[in-house]
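Worksheet for the structure shown next.
Numbering of residues begins at 1 and proceeds along the displayed sequence. Numbering of ligands and ligand atoms starts at 1, following listing order.
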Amino acid sequence: MSRSAHPAGPRHADVLPEGHYTAPPADLNSLDPRVWAQTVERTPEGAVAVGGLDVRRLAEEFGTPAYVMDETDFRARCRAWRDAFGPDADVYYAGKAFLSRAVVRWLHEEGLNLDVCSGGELATALDAGMPAERIALHGNNKSDEEIERAVEAGVGRIVLDSFQEIARVAHTAARLGRRQPVQIRVTVGVEAHTHEFIATAHEDQKFGLALAGGGSSGAGEGPAAEAVRRVLMLDSLELTGIHSHIGSQIFDMAGFEVSARRVVGLLTRVRDEHGVELPEIDLGGGLGIAYTPEDDPREPHEIAKALGDIVTRECEAAGLAVPRLSVEPGRAIAGPTAFTLYEVGTLKELEGLRTYVSVDGGMSDNIRTALYDAEYSVALVSRASAAEPMLSRVVGKHCESGDIVVRDAFLPADLAPGDLLAVPATGAYCRSMASNYNHALRPPVVAVRDGQARTIVRRETEEDLLRLDVG
Ligand SMILES: Cc1ncc(COP(=O)(O)O)c(C=O)c1O
């Protein structure tokens with residue numbers, strides 16, 4: 001992200017303070033379609049609408065802060081991923097991005113599978129009617145109860161993450177008289193983030209079993225090969241494939257290329273050593289989205305083609321039949337479909353620096369800025385404004401100076417208490433990572449579609465908080 005001054009000079013400073021921002025848009029009222037959900041538009045009156053509903057009406061009916069999710073966009077993204085990968089591949093939506101019963105129903109109806117990584121996510125999926133065979137269970141420390149519930153329900157895939165887990169799942173499946181389909185999660189020595197990736201021989205992280213152990217393919221005598229050996233010896237486990245997930249917010253396909261090559265290296269080794277050709281390969285999630293207009297993610301069909309070509313090429317080179325591919329996008333489906341609606345409470349102008357704009361939420365509903373230094377954009381949505389741009393920092397109401405929602409943004413200089421702001425691209429890892437810090441009440445998720453709005457996750461109440469406080 002570049003640093004530059006607004007040619008006309010922003011309101012506060014001729015020399016802009018340290019920060020990550022580009023020049024303000026020519027029109028502060030414009031809504032860049034790269035960061036806003038599909039049905040978001042500015043109405044002739046100047047306010048913003050989504051799914052045909054004015055945000056002022058949504059704020060009145062549902063309160064603020066609130067996550068507003070464009071159901072039309074969510075469903076369209078599901079279809080785009082499903083159609084891009086076609087009938088010979090599977091798309092597992094990563095429920096950690098955001099999961100609720102309504103979302104499970106949308107996924108089911110739109111033909112997606114679901115990746116869950118906890119007992120709570122599994123319970124939500126099953127409760128909302130996702131067929132168990134379309135569920136994959138992840139996690140680096142699944143409890144015995146979680147394993148038992150998954151095997152009992154008949155989930156289509158458990159992704160094994162450690163040697164202990166191989167034994168636990170095998171034991172549970174044998175006790176329940178089942179043969180459980182499993183994949184082995186491997187770490188391929190690739191760390192990918194946005195436009196960069198690093199390919200290494202070893203990985204220092206908690207997930208998966210390392211391929212590394214020698215050989216140019218990276219698929220040497222590492223723990224992953226040993227895991228394959230052990231799983232193949234257990235009658236209650238059916239090894240269907242190898243799983244790899246290399247990072248998050250990835251735009252560059254090169255990391256997947258190294259990952260696929262190394263996974264195919266293991267598949268080749270399994271064939272040579274055990275005479276078994278594993279029929280599945282899962283390359284995980286991590287595909288990036290636009291949080292600000294500077295981000296330029298690829299479309300699902302481009303990603304599907306790139307990944308399909310990589311896997312086909314690597315398998316053909318190794319003389320293997322091309323396995324069934326699956327992917328696990330979370331952010332790329334849910335992220336762009338929602339914005340968080342806030343009300344401005346106070347404004348504090350720091351002469352020569354910027355204006356701190358405090359909203360009625362903060363790090364309890366969006367921890368990503370504080371946690372990852374994530375960048376977001378923001379817009380005034382309750383009205384249009386012709387005022388000059390004002391360098392702003394949108395902050396929350398929590399007792400932390402790091403309680404920042406949008407670090408650097410230009411908002412109109414006539415911004416006032418009571419105005420509504422919206423932060424786009426908050427559909428993933430915001431509600432799902434929300435907390436009760438300062439006993440904040442977690443905001444509702446409001447789904448909007450064709451002129452109708454409904455709460456799909458209700459706002460927490462003080463009663464909810466006090467119900468858990470049993471001392
Ligand atoms: C195994 C696995 N699959 C999929 C995902 C989803 O990633 P994203 O939401 O970035 O697509 C994650 C994220 O942590 C993951 O660990």
Side-chain angles (χ1 to χ4, degrees), residues 74 77-78 80-82 84-85 89-99 103 107 112-118 121-122 125 134-142 146 150 155-162 165 182-188 190-197 203 205-209 224 241-253 255-256 259-260 263 280-291 295 297-300 303-304 306-307 325-338 367-368 371-372 374 425-433:
F74 196 107
R77 284 173 193 278
C78 289
W81 277 86
R82 189 202 60 201
F85 279 83
D90 296 302
V91 179
Y92 284 75
Y93 168 73
K96 64 205 76 167
F98 171 65
L99 199 64
V103 162
L107 297 167
L112 262 62
N113 296 351
L114 175 59
D115 134 22
V116 300
C117 67
S118 71
E121 289 183 3
L122 178 60
R134 282 168 53 187
I135 298 175
L137 177 66
H138 274 278
N140 67 302
N141 188 17
K142 305 170 188 76
E146 287 169 329
V155 299
R157 171 186 298 178
I158 294 182
V159 184
L160 300 170
D161 199 277
S162 66
E165 202 172 271
V182 296
Q183 291 189 342
I184 293 173
R185 178 162 175 178
V186 302
T187 46
V188 292
V190 172
E191 205 187 307
H193 184 70
T194 311
H195 300 293
E196 292 168 351
F197 82 95
E203 269 203 284
Q205 60 142 308
K206 71 172 184 170
F207 292 108
L209 292 145
I242 301 297
H243 182 288
S244 150
H245 171 81
I246 56 170
S248 62
Q249 186 60 0
I250 303 167
F251 294 146
D252 182 346
M253 292 290 120
F256 287 105
S259 163
V263 168
E280 293 173 356
I281 178 171
D282 188 319
L283 292 178
L287 288 316
I289 63 164
Y291 284 104
D295 296 326
R298 296 194 187 196
E299 294 296 323
I303 295 165
L307 294 183
L325 174 64
S326 51
V327 287
E328 298 172 338
R331 181 192 322 265
I333 291 176
T337 67
I367 190 65
R368 293 191 67 260
L371 194 59
Y372 307 123
T426 59
Y429 305 107
C430 286
R431 180 58 179 80
S432 66
M433 294 178 108

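Polar contact with ligand 1: absent for H243 (N/O pair, distance under 3.5 Å). Residue Q249 places no N or O, backbone or side chain, under 3.5 Å from any N or O of ligand 1. Checking only distances, G330 does come within under 3.5 Å of ligand 1, N or O to N or O.
Those atoms of ligand 1 with a heavy atom of G285 less than 4.0 angstrom away are 3 (N), 4 (C), 11 (O). Short contacts between ligand 1 and H138, defined as distances under 4.0 Å to a heavy atom of the residue, involve ligand atoms 1 (C).
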Begin from the C-alpha positions of E328 and H138 and carry the test side-chain hydrogen bond (donor to acceptor under 3.5 Å, both in side chains) through to its verdict. CA-CA 11 Å; E328 298 172 338; H138 274 278; 2.8 Å; yes
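Here R331 pairs with Y291 under the side chain to side chain donor-acceptor pair (under 3.5 Å) rule; sequence neighbours left out. Residues passing the ring-ring contact (aromatic ring centres under 6.0 Å, His included) test with Y429, sequence neighbours excluded: none.
Taking atom 12 (C) of ligand 1 as the reference point, the nearest protein heavy-atom neighbour is H245 CE1, 3.3 Å. With hydrogens left out, the protein atom closest to atom 3 (N) of ligand 1 is E328 OE1, 2.6 Å, a heavy atom. Nearest non-hydrogen protein atom to atom 15 (C) of ligand 1 is K96 NZ, 3.2 Å. From the protein, the heavy atom lying nearest to atom 9 (O) of ligand 1 is Y429 OH, 2.5 Å. The protein atom (non-hydrogen) at minimum distance from atom 10 (O) of ligand 1 is G286 CA, 3.3 Å.
Look at E165 and K142 and you find a salt bridge, because one of the NZ, NE, NH1 or NH2 atoms lies within 4.0 Å of a carboxylate O, short of that distance. Between R157 and D282 there is a salt bridge, since at least one side-chain N of the basic residue sits less than 4.0 Å from a carboxylate O of the acidic one.
Counting only heavy atoms from C-beta outward, the side chains of I242 and Q183 never approach each other to under 4.5 Å.
Residue-level proximity to ligand 1 for A94 is carried by the side chain, the only part with a heavy atom below 4.0 angstrom. Neither the backbone nor the side chain of F207 has a heavy atom within less than 4.0 Å of ligand 1.
Relative to the ring axis of F251, R298 does not place its NZ or CZ within 45° and under 6.0 Å from the centre.
For A428, the closest heavy-atom approach to ligand 1 does not fall below 4.0 Å.
Listed for the H193 side chain is no donor-acceptor partner under 3.5 Å among the backbone atoms of I250.
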